[in-house]
Amino acid sequence: GLDLTQFEVGDLIGEGAFGQVYVASHKRSKRVKVALKCMVKSQQDRYLDVDGHSTPVLAEVAMMLRLMKAPRCPNIIRLHNWLEIEDNFVLILEYAESCQTLLQYIKDTADIEENQARQLMRQLIRAIMFCTERGVFHGDIHTANILVTLPRLELKLIDFGCAQPITQKPFNKSDYRGAGHGMPPEALRCRVFHANPAYVWTIGIMLYEIMHGRLAFNNRQSIMFGAIQIHPRLSTACVDLISQCLIRNPAKRLQLHQVEEHCWFNPTTPNPV
Ligand code: ADP
Ligand code: MG
Ligand code: MG
């Protein structure tokens with residue numbers, strides 16, 4: 001069986017709302033580094049049924065397992081295994097070597113160029129499309145839950161702690177467990193929302209933040225009513241993509257399958273007038 005004594009635990013590499021993350025190496029296969037995400041069990045933990053398991057597993061694990069069946073997506077962090085030790089959960093994750101969070105990358109890099117942003121956004125969209133194909137709504141996409149490797153700018157989506165299975169039914173506002181600033185306006189206004197338009201909203205929010213170094217909206221009031229201040233240095237295509245993803249009416253917002261086809265991702269096609 002698997003237990004923690006098989007790992008040599010190293011430095012604390014991250015801390016989120018619910019856990020500590022340590023880098024560790026597997027003693028027998030010396031060089032294989034992993035990230036151990038350690039969480040204390042709580043009353044609020046959600047559990048889901050998974051094929052091949054007699055009892056429900058932690059929802060974060062269940063949602064990641066859907067994404068781990070081959071073929072996998074290189075832009076989603078890999079879950080190797082997990083352990084329950086007394087009052088703790090430990091997720092054994094792929095360690096993203098020489099990475100930083102997108103949050104840190106944005107802080108450290110003044111005026112990120114559109115070419116870099118495009119490279120990051122392509123990978124984020126690939127991760128999001130993959131999640132929708134496997135019926136997973138991440139529910140907490142923000143810059144601390146995205147890792148970027150340097151200098152190659154490979155992107156890895158992490159932290160499925162707020163993830164939900166996508167079904168025919170819309171989500172309720174209360175299903176949204178992620179950071180409040182990522183909540184789509186329809187969740188605030190109508191109290192129900194669908195995964196795909198919510199993902200497109202997130203894409204707009206992320207592109208805005210990469211290009212401006214700050215959030216598009218700071219609070220619920222501005223998510224619902226605030227004007228978006230777009231920097232004049234942005235290309236027409238980039239402005240158009242951000243604006244179309246951040247249309248408040250989800251029926252009028254760009255659709256997920258249209259995002260990748262937007263002219264910003266294909267700089268040879270003419271810009272919209
Ligand atoms: P929480 O659910 O508590 O927010 P996260 O899964 O987001 O925990 O992890 C917290 C932080 O740990 C991340 O923001 C990141 O800095 C770091 N981290 C998490 N997983 C990895 C990993 N696989 N490789 C490298 N760093 C990671
Ligand atoms: Mg997190
Ligand atoms: Mg989390």
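Each ligand, and each atom within it, is numbered from 1 in the order the structure gives.
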Subject >> Ionic contact status for Glu186 with Arg253, cut-off 4.0 Å >> reply: yes
**OP:** Scan side-chain atoms only and decide if Asp240 and Gln244 contain a donor-acceptor pair under the 3.5 Å cut-off.
**Re:** yes
Original post:
Closer than 2.8 Å to the Mg ion (ligand 3), which protein N, O or S atoms?
Top reply: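 Metal shell, protein only: Asp159 OD1, Asp159 OD2.
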Subject >> Aromatic ring proximity, centroids under 6.0 angstrom, Tyr199 and Phe193 >> reply: no
Subject >> Verdict with supporting geometry, Tyr176 and Phe171, ring pair (Phe, Tyr, Trp, His ring centres under 6.0 Å) >> reply: CA-CA 8 Å; Tyr176 193 95; Phe171 291 113; 9.2 Å; no
**OP:** Answer with yes or no whether the side chains of Asn75 and Gln123 bring together a donor and an acceptor at under 3.5 Å.
**Re:**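 There is such a pair (donor and acceptor under 3.5 Å, judged by atom type) between the side chains of Gln123 and Asn75.
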Subject >> ring pair (Phe, Tyr, Trp, His ring centres under 6.0 Å) partners for Phe7, two or more places apart >> reply: His26
Subject >> Flag for Gln104-Asp108: side-chain donor and acceptor within less than 3.5 Å >> reply: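 Yes - a donor-acceptor pair under 3.5 Å links their side chains.
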Would you mind listing each N/O atom of ligand 1 next to any protein N/O under 3.5 Å, plus the distance?
residue, atom, partner, partner atom, Å
ligand 1, 2 (O), Lys37, NZ, 2.9
ligand 1, 2 (O), Asp159, OD1, 3.1
ligand 1, 2 (O), Asp159, OD2, 2.9
ligand 1, 3 (O), Ala17, N, 3.2
ligand 1, 3 (O), Phe18, N, 3.0
ligand 1, 3 (O), Gly19, N, 3.3
ligand 1, 4 (O), Asp159, OD2, 2.9
ligand 1, 6 (O), Lys37, NZ, 2.8
ligand 1, 7 (O), Asn145, OD1, 2.9
ligand 1, 7 (O), Asp159, OD2, 2.9
ligand 1, 8 (O), Lys37, NZ, 3.4
ligand 1, 14 (O), Ala144, O, 2.8
ligand 1, 23 (N), Glu94, O, 2.8
ligand 1, 24 (N), Ala96, N, 3.3

Acceptor/donor pairs from residues 216-227 side chains to any protein atom, 3.5 angstrom cut, sequence neighbours excluded:
residue, atom, partner, partner atom, Å
Asn219, OD1, Gln221, N, 3.2
Asn219, OD1, Ser222, N, 2.8
Asn219, OD1, Ser222, OG, 3.3
Ser222, OG, Asn218, N, 3.2
Ser222, OG, Asn219, N, 3.3
Ser222, OG, Asn219, O, 3.1

Original post:
For Thr5 and Asp3, does a side-chain donor sit closer than 3.5 Å to a side-chain acceptor?
Top reply: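 Yes.
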